[in-house]
Amino acid sequence: GRKTSAGSRGGTLTELRESRRQFIQTAGAVGTVAAFGSAEKAIAESHSQDSRILQTDVLVCGGGCAGTAAALSAARRGARTLLVEKAPFAGGIITCVGLPYFDGIANIRDNRIVVRGIALELLSKSGVCAPDAKTVAKHNPTIPNTFEFKLLLDRLLMEQKQSLSVLFNSFICGVETSGERITAVKVANKDGLVTVRPKVVIDCTGDADVAAWAGAPFEQNAEVQPLTLHFRVGGVKKHPAITQNCRAALAAAQQRGELPHYYGPGVMFLFGENEVYIHGVRVPADPTNAADLSRAEMQGRADAHAMFRAWKQDVPGFEQAYFLEAYPWIGVRESRRLIGMHVLSEEDLMSSRRFDDAIATGCWYLDLHPNKTTVGSANDFKPEKVQPNPYDIPYRSLLTQKVQNLLVAGRCHSATRGAHASTRVTVTAMAMGEAAGTAAAMSVAEKRSPLELNGVKVRETLSAQNAGPFTD
C-alpha cells in the first residue's frame, strides 16, 4: 500500500532500464495478440512508411444505433467486417447523447412490438422484456442504465471478434471512388491516416457523410431540427409540482436573458430516487458545418447549466441539487437525407403502403422539433399530432442512385423530411442497420452489388433471423 520510488525497489539503473525494455517488447507482443478482432481473420492489413491499408468485406461507418446493428448483422453472417466509430464506445444517441428510450419498438395504440431482431435482443438483454416478448409495458420503454448499455454492446461486438474488428476514436474523413464504386475510405485515428479498401460500405454516420462525399444525391433543408444536449442533476427531492415549477423557472430565466431557447422541459426520475434526467435544451444549428456544430456544443452546455441554476434558485426540491453530468455530445435530429432508389414519403406512412421489399417497420409519430421555445412539449403541432399506423420501410430506401457498393441506414436513409421525422428514431434506425448489414453480407457472398440484390430475398433472409418487417 505504501508508495516507493524506483530507486528503492532494488537493482541497478542499467538493470531497471533493461527490465523496462523487455517489458515494453513483451507488452507489445501481447497487445497485438489480444487486440479486438485479429488482423489475420477479420481484416488484412499492410504497412508502409506513409500509410496503413486495411482490406475488409464490409465497412460500417458509424457505430450508433444503425451502425452497431449493421456491424453485428454482417459479422454474424460471416462477412469480414470493420466498424469505425468516432466515439470511444458504440451506441450513438443512447450512449453518447444519453437518450435511454427505445423509440419505435412498439405501436403506441396497443404496445405491440413491431421491431424484433437485434433491437429486441438489446432491449431484452437490458432487462426490460423477455426475448420473445410480443408487447411491452410502454410503447417507448427506457433502458435502466446507459453505461451498462455500453458494456452490453462491447460484449456483443467482441463475441464476433473472429469476423468483426472495431476502431473506436476513429473518424471517417474522406472517400475515393472509381466509376460508380467506392474504392477506399479514409479514416483518421491514432495510427495516422488509414486507408480502408472495402467491398461494400454501409453509411451509418447519421449525416450521410460517406454518401455525400462519394457523390450520391442527397438533400438537406436550409433549416433543420434543433440539437439537444441531455443532462442529469442529483440531490433532487420529489415535489408534486416539480414539472410546473421547472417550467416557470425556465420562463423566468429566458425573460432575464439567461436562456435563448428551450422546450418542455422533460424532468424525470429515470435512474434514481434523487436524480433527474433532463431533455429540454434546444440549439438551432447546422450539424454538417464543423464550426456551427462546435458552437452548438458550447451553447448546449451553457444552456444546460443555466437551467440547473434557475431550478436551484427557484424550484422547491432543488435546494441541495448538484449538476451530475452532461452527456459527451449534443444530439442531432436531422441533417442530410439520401435521395435513393425510393424516397419514403409521408403519404407512404399515412396510407400504410406495403412494399414487397420491406425490410423494417416504423411506427413513431412525425416528430418535428421547431427552432423556437415550446413550453410543455417538444413539438408545436399544427393542428395536431400526426401518428401513423405501423408502416413498411423498403430496402430501396437504403440504396443510392449512383454508388453501386454503398448502403445507407439510420436517420440519413432516403426519406422526405416529414417521413424522416418518424424513421429517425433509435429502434427504427437499428432495424434499418440490421437490414443493411444483412444485405451487405449477402452482397459479398453472392458477388453482387447491393443494387443488384433482390430486395424480396433480403426481406426473406431477415425474416429467417426473426428480423425485418412486423407491420401487420
Side-chain angles (χ1 to χ4, degrees), residues 41-44 54-63 66-84 117-118 160 162-165 172 175-185 196-205 208 210-211 213-216 338 340-342 355-360 393-410 412-414 429-465 467-469:
K41 294 181 180 179
I43 52 176
L54 307 179
Q55 306 279 350
T56 188
D57 289 339
V58 178
L59 170 63
V60 181
C61 301
T68 302
L72 288 172
S73 180
R76 287 173 176 179
R77 295 195 65 81
R80 293 182 307 157
T81 305
L82 174 62
L83 173 62
V84 176
I118 288 172
Q160 303 303 316
Q162 294 303 310
S163 55
L164 174 62
S165 290
I172 303 296
V175 177
E176 295 178 1
T177 61
S178 177
E180 294 188 339
R181 293 185 63 83
I182 293 173
T183 56
V185 175
V196 182
R197 300 198 181 281
K199 295 178 181 176
V200 179
V201 181
I202 308 176
D203 185 341
C204 297
T205 62
V210 175
W213 298 340
L338 179 72
M341 298 303 291
H342 179 85
F355 296 93
D356 290 342
D357 66 339
I359 44 77
I393 299 173
Y395 174 61
R396 283 164 292 154
S397 74
L398 311 184
L399 298 175
T400 71
Q401 293 184 23
K402 293 186 177 181
V403 187
Q404 292 284 326
N405 60 336
L406 176 64
L407 291 144
V408 178
C412 52
H413 84 120
S414 181
M430 291 178 193
M432 287 188 277
E434 181 168 6
T438 296
M442 292 172 64
S443 174
V444 171
E446 296 179 19
K447 295 182 172 58
R448 297 182 180 183
S449 75
L451 281 167
E452 294 171 326
L453 288 179
N454 184 330
V456 175
K457 187 175 179 182
V458 175
R459 175 180 184 159
E460 292 171 350
T461 303
L462 287 166
S463 179
Q465 57 197 47

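One is the number of the first residue; the rest follow in order along the sequence.
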- All side chain to side chain donor-acceptor pair (under 3.5 Å) counterparts of Gln401, not counting sequence neighbours: none
- Query: Hey, what do you get for CE (Met341) to OG (Ser414), rounding to the nearest 0.5 Å?
  - Reply: 10.0 Å
- Message: Looking at every non-hydrogen atom in both residues, tell me the closest pair between Ala441 and Val58 and how far apart they are.
- Response: N-CG2, 4.4 Å
- Among all residues two or more places apart in sequence or in another chain, which pass the side chain to side chain contact (heavy atoms under 4.5 Å, CB included) test with Ala66? Cys204, Ala409, Ala429
- Task: Enter the distance from Leu451:CG to Leu398:CG here, rounded to the nearest 0.5 Å.
- Result: 11.0 Å
- Query: How many angstroms lie between atom CD of Gln404 and atom CD of Glu452, to the nearest 0.5 angstrom?
  - Reply: 6.0 Å
- Minimal non-hydrogen separation, Gln465 against Ser73, with atom names: NE2-OG, 4.0 Å
- Message: How long is the straight-line distance from CD of Glu180 back to NZ of Lys402, given to the nearest 0.5 Å?
- Response: 8.5 Å
- State whether the side chain of Thr56 and the backbone N or O of Leu59 hold a donor-acceptor pair below 3.5 Å, judged by distance alone. no
- Query: Which atom pair, heavy atoms only, marks the closest approach of Leu164 to Ala75?
  - Reply: CB-CB, 3.8 Å
- Query: Looking only at heavy atoms, what is the nearest atom pair of Ala439 and Leu407, with distance?
  - Reply: CB-CD1, 4.3 Å
- For Thr183, check side chain to side chain contact (heavy atoms under 4.5 Å, CB included) against everything at least two apart and list the hits. Glu176, Ser178
- Message: Using modelled atom types and a 3.5 Å cut-off, is there a donor and acceptor pairing between side-chain atoms of Ser165 and backbone atoms of Leu82?
- Response: no
- Query: With sequence neighbours left out, what residues match Arg76 under salt bridge (Lys or Arg N to Asp or Glu O under 4.0 Å)?
  - Reply: Glu121
- Item | For Met442, the option from Val458, Val200, Asn454 that meets side-chain contact (heavy atoms from CB on, under 4.5 Å) | Val458
- Message: I'd like to know if Lys199 and Asp57 make a salt bridge, using a cut-off of under 4.0 Å between side-chain N and carboxylate O.
- Response: yes
- Message: Within this structure, what is the CG-CG distance for the pair Leu453 and Asp357, rounded to the nearest 0.5 Å?
- Response: 11.5 Å
- Could you pull out the closest heavy-atom pair between Arg459 and Phe355, with the gap in Å? NH1-O, 2.9 Å
- Taking every non-hydrogen atom, the tightest pair across Val60 and Gly67: CG1-O, 3.5 Å
- Would you say Thr81's side chain and Ala79's backbone share a donor-acceptor pair under 3.5 angstrom? yes
- What residues form a side chain to side chain contact (heavy atoms under 4.5 Å, CB included) with Thr177, not counting sequence neighbours? Val175, Ile182, Ala214
- Note on the structure: The reported gap from CG in Leu72 to CD in Glu434 (rounded to nearest 0.5 angstrom) is 8.5 Å
- Item | side-chain contact (heavy atoms from CB on, under 4.5 Å) between His413 and Ile393, worked out | CA-CA 10 Å; His413 84 120; Ile393 299 173; 4.1 Å; yes
- Report the residues that fulfil salt bridge (Lys or Arg N to Asp or Glu O under 4.0 Å) with Lys457, sequence neighbours left out, ordered by chain and then residue number. Glu446
